[in-house]
Amino acid sequence: MTRPIRKAVFPVAGLGTRFLPATKAVPKEMLPVVDRPLIDYAVAEAEAAGVAHMIFVTARDKTALEDHFDRNVGLEEALEAKGKSAELERLAAIAPEGVRLSTVRQPAPLGLGHAVRCARHLVGDEPFAVILPDDLVMAQTPCLAQMAVRYAGTGGNLLAVQDVPRAHTGRYGILDAGADEARPGGLVEVRGLVEKPAPEAAPSTLSIIGRYILQPEIFQVLESGEPGAGGEIQLTDAIAALIGRQPVNGFRFEGRRFDCGDRRGWLTANVAFALDRPDLPGVRESLRDLLDPAARPENTGGAE
Ligand code: G1P
């Protein structure tokens, strides 16, 4: 029987340079998609998969992330005094009871593998999830919960994967793919992994997106890990070293992924999530208006 996933690691030490100046004083994981910061979606996704212990790998100037999940008694009192019960409920939903949060610092930006390694003493000797909050997935069943179900049958290491345009392989960990169930929710055998290969060198166009279920043996590999692509200690290289020793599978998740580490991806996510919010009517009309001003009622002579 596979052991359940009770812990998730969130590497949140990145500088967010692509969003400067917005991220000068605000961590990029605090950028909102509609009205919730990215980290909030990531933690909620972990929780939906049964995770009870969230481990943030942070850096300096990231205290806003911890503050977000901490109670703000002054704010609660102010809302209570004003009778704002709906707002109070929304605050209470941020950090549900029973969820534990720990933080550990990554002292220097030495790569994703290094960031995960920093959490070793908090994870201990059990399987765990890694969630990259930049990768936001819109899905009926949250991505990590889909993975947890499949993992219960496969065990080992499971990586969320999706096809990307060949021109983009240099942005991702890419699979050397074997047997492929080739359907949403299906598994792909991982024969090898390459971090950020050039399009002409990529063994496939199947890329890892930021959801992983990993076995604790990864830490042994990470301890001795040599720098890989970009001179950084890569998680992809460490997972590749486990192939043959443990099951390593790709998982074709169902849903749409937005790269919120990129301005265009983040903007698109905001539009997509806003369109999906019944409490935000009129977004579709506003968009139509922006894209086709000639169709506005005042320009066509139509009624208001
Ligand atoms: C990281 C991983 C890469 C993965 C990607 C998913 O890259 O190293 O293998 O495909 O996340 O978003 P980064 O985006 O941190 O450069």
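In this chain, residues are counted from 1 in sequence order. Atoms within a ligand are numbered from 1 in the order they appear, just like the ligands themselves.
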Inset, instruction - Report yes or no: is the cationic atom of Arg211 (NZ for Lys, CZ for Arg) closer than 6.0 Å to the six-membered ring centre of Phe253, at no more than 45° off its axis? - result: no
Inset, instruction - Could you find the nearest protein heavy atom to atom 7 (O) of ligand 1 and give me its residue, atom name and distance? - result: Lys196 NZ, 3.2 Å
Legend entry - Heavy atom of the protein closest to atom 2 (C) of ligand 1 (residue, atom name, distance): Glu195 OE2, 3.6 Å
Inset, instruction - Would you check the N or O atoms of Leu112, main chain and side chain alike, for any that come under 3.5 Å of an N or O of ligand 1? - result: no
Inset, instruction - Ignoring hydrogens, tell whether any protein atom lies closer than 4.0 Å to atom 14 (O) of ligand 1; use the non-hydrogen atoms only. - result: no
Legend entry - Lys/Arg N to Asp/Glu carboxylate O, Arg277 vs Asp35, below 4.0 Å: yes
Legend entry - Glu87/Lys82 salt bridge by N-O under 4.0 Å criterion: no
Legend entry - salt bridge (charged side-chain N to carboxylate O under 4.0 Å, His left out) partners for Arg252, two or more places apart: Asp163, Asp180
Inset, instruction - Could you say whether the N/O atoms of Tyr172 and ligand 1 ever approach to under 3.5 Å? - result: no
Legend entry - Nitrogen or oxygen of Arg171 less than 3.5 angstrom from that of ligand 1: no
Inset, instruction - With atom 12 (O) of ligand 1 as the reference point, say which of Thr169, Ile174, Asp135 has the nearest heavy atom. - result: Asp135
Legend entry - Part of Leu132 within contact of ligand 1 (heavy atoms, under 4.0 Å): side chain
Inset, instruction - Output yes when Glu217 and Arg245 qualify as a salt bridge under the 4.0 Å nitrogen-oxygen rule, no when they do not. - result: no
Inset, instruction - Mark the output for Leu235 as yes if a heavy-atom distance to ligand 1 is under 4.0 Å, and as no if none is. - result: no
Inset, instruction - Check the pair Phe10, Ile55 against side chain to side chain contact (heavy atoms under 4.5 Å, CB included), reporting the backbone distance first and the verdict last. - result: CA-CA 6 Å; Phe10 303 79; Ile55 301 166; 5.7 Å; no
Inset, instruction - Using a strict 4.0 Å threshold on nitrogen-to-oxygen distance, state whether Glu232 and Lys196 make a salt bridge. - result: no
Inset, instruction - Among all protein heavy atoms, pick the one closest to atom 5 (C) of ligand 1 and tell me residue, atom and distance. - result: Ile208 O, 4.0 Å
Inset, instruction - Inspect the contact between Glu200 and Arg166 and indicate whether a charged nitrogen and a carboxylate oxygen are less than 4.0 angstrom apart. - result: no
Inset, instruction - Number the atoms of ligand 1 from 1 as they appear, then name those within less than 4.0 Å of a heavy atom of Thr236, with their elements. - result: 9 (O)
